[in-house]
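Proteins get letters first, then strands, A, B, ... in listed order; numbering begins at 1 in each. Computed over heavy atoms, backbone and side chain alike; hydrogens, waters and symmetry mates excluded.
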There are 2 protein chains.
Amino acid sequence: MDDQSRARCEQLATIMKALGHPTRAFIVMELAEGSRCVCELTDMIGADTSTVSKHLTVLKNAGLVQSEKEGLMVHYSLTTPCLLKFYSCVEDLVRKDMEEKQKLLQN
Amino acid sequence: MDDQSRARCEQLATIMKALGHPTRAFIVMELAEGSRCVCELTDMIGADTSTVSKHLTVLKNAGLVQSEKEGLMVHYSLTTPCLLKFYSCVEDLVRKDMEEKQKLLQN
DNA sequence: TCACTATTTGGCTATATTGCCAAATAGGAG
DNA sequence: CTCCTATTTGGCAATATAGCCAAATAGTGA
């Protein structure tokens, strides 16, 4: 594995890792509907504000979301709608996996 | 967040988490070229065999790869080519992010 | 200025992940 | 059976992550 390949893998892994938490997955799906402020997300998630804020920081550091300040509130939004195709692809995968398991159970 | 939504997020996060490690990202890209046995991957990665084996287990538990035994060797392959579209989408994102940073540096 | 709200940051503990070594398991060849 | 190779598993120490609380920061309005 050369340096370039290594760098590429690390970049991909960083993004995937950022998406690899249920709360952050939820945030991404919610932001796909439109921008939300931290307090809205916090209400929906039901965790401490600081916890939600930290999850948002992780997503931001990975370049997946961006934030904009407006008065007291900070609005977060997806940097790209690409993430959605992304999720639908993963869910196809999950579906396929479930079907496999069903088949195995029937045999 | 209702139970169904929570379950969906956990499923997505499990898969993303499995992809969220440089070595596993490499494995997925390598398997996209064709099936590989553990020893081939170990040579390329340059880590302990047991380490590589455990990474493969993580990918397998997430339903991303499958294994087939042939003699002494175990051949791993992707369960779905969908993962590739997936990565190209992420890399578009990375590229976009880089361009943004370039722009910011220039201003 | 003071009080109030929204958000971020620091610090802490609990938990999870990683990677190595050693040992166990499984199959092939003599 | 014995030796050898490929792979997996168990165990351990180092590191990373998550979530809460408390405190700091920032903006709003009286």
Roughly, in whole Å, what's the span from [atom1] in [X] to [atom2] in [N]?
X	N	atom1	atom2	answer
Leu59(A)	dT17(D)	CG	C1'	14 Å
Leu56(A)	dT17(D)	CG	C1'	16 Å
His75(A)	dG27(D)	NE2	C1'	13 Å
Ile45(B)	dC20(C)	CD1	C1'	15 Å
Ile27(A)	dT7(C)	CD1	P	12 Å
Leu41(A)	dT7(C)	CG	P	9 Å

Got a sec, which residues hit side-chain hydrogen bond (donor to acceptor under 3.5 Å, both in side chains) with Asp43(A), two or more places apart in sequence or on another chain? none
Could you go over nucleotides 25-30 of chain C and give all protein N or O partners under 3.5 Å, atom names and distances?
none

Nearest non-hydrogen partners of Asp2(B) and Ser5(B), listed with the distance: OD1-N, 2.8 Å
For Tyr76(B) and Val38(B), work out which heavy atoms get closest and say how close. CE1-CG2, 3.6 Å
May I have the list of side-chain donor-acceptor pairs in residues 13-27 of chain A shorter than 3.5 Å, sequence neighbours left out?
from     : atom 1 : to       : atom 2 : distance (Å)
Thr14(A) : OG1    : Glu10(A) : O      : 2.8
His21(A) : ND1    : Thr23(A) : N      : 3.1
Arg24(A) : NE     : Ala18(A) : O      : 2.6
Arg24(A) : NH1    : His55(A) : ND1    : 3.0
Arg24(A) : NH2    : Lys17(A) : O      : 3.3

Phosphate contact ([N] OP1 or OP2) by [X] side-chain N/O below 4.0 Å:
X	N	result
Lys17(A)	dT17(D)	yes
His55(B)	dG19(C)	yes
Tyr76(A)	dA6(C)	no

On DNA chain D, nearest-nucleotide positions of Gly46(A) versus Val74(B): which is more 5'? Val74(B)
Are the side chain of Ser67(A) and the backbone of His75(A) linked by a donor-acceptor contact shorter than 3.5 Å? no
Backbone N or O of Thr49(B) within a donor-acceptor pair of the Ser53(B) side chain at under 3.5 Å? no
So which protein N/O to nucleotides 9-12 of chain C N/O distances come out below 3.5 Å?
from    : atom 1 : to       : atom 2 : distance (Å)
dG10(C) : O6     : Lys54(A) : NZ     : 3.0
dG11(C) : O6     : Lys54(A) : NZ     : 2.5

Any side-chain heavy atom of [X] sitting closer than 4.5 Å to one from [Y]?
X	Y	result
Leu56(A)	Leu41(A)	yes
Cys37(A)	Glu40(A)	yes
Glu68(A)	Ser77(A)	no

Under a 4.5 Å side-chain heavy-atom rule over Ile, Leu, Val, Met, Phe, Trp and Tyr, are Val52(B) and Met29(B) clustered together? yes
What are the residues of residues 18-26 of chain A, sorted by number, that bring a heavy atom to within less than 4.0 Å of DNA chain D? His21(A), Arg24(A)
Pairs flagged by side-chain hydrogen bond (donor to acceptor under 3.5 Å, both in side chains) wherever residues 27-39 of chain A is involved - sequence neighbours left out: Glu30(A)-Arg36(A)
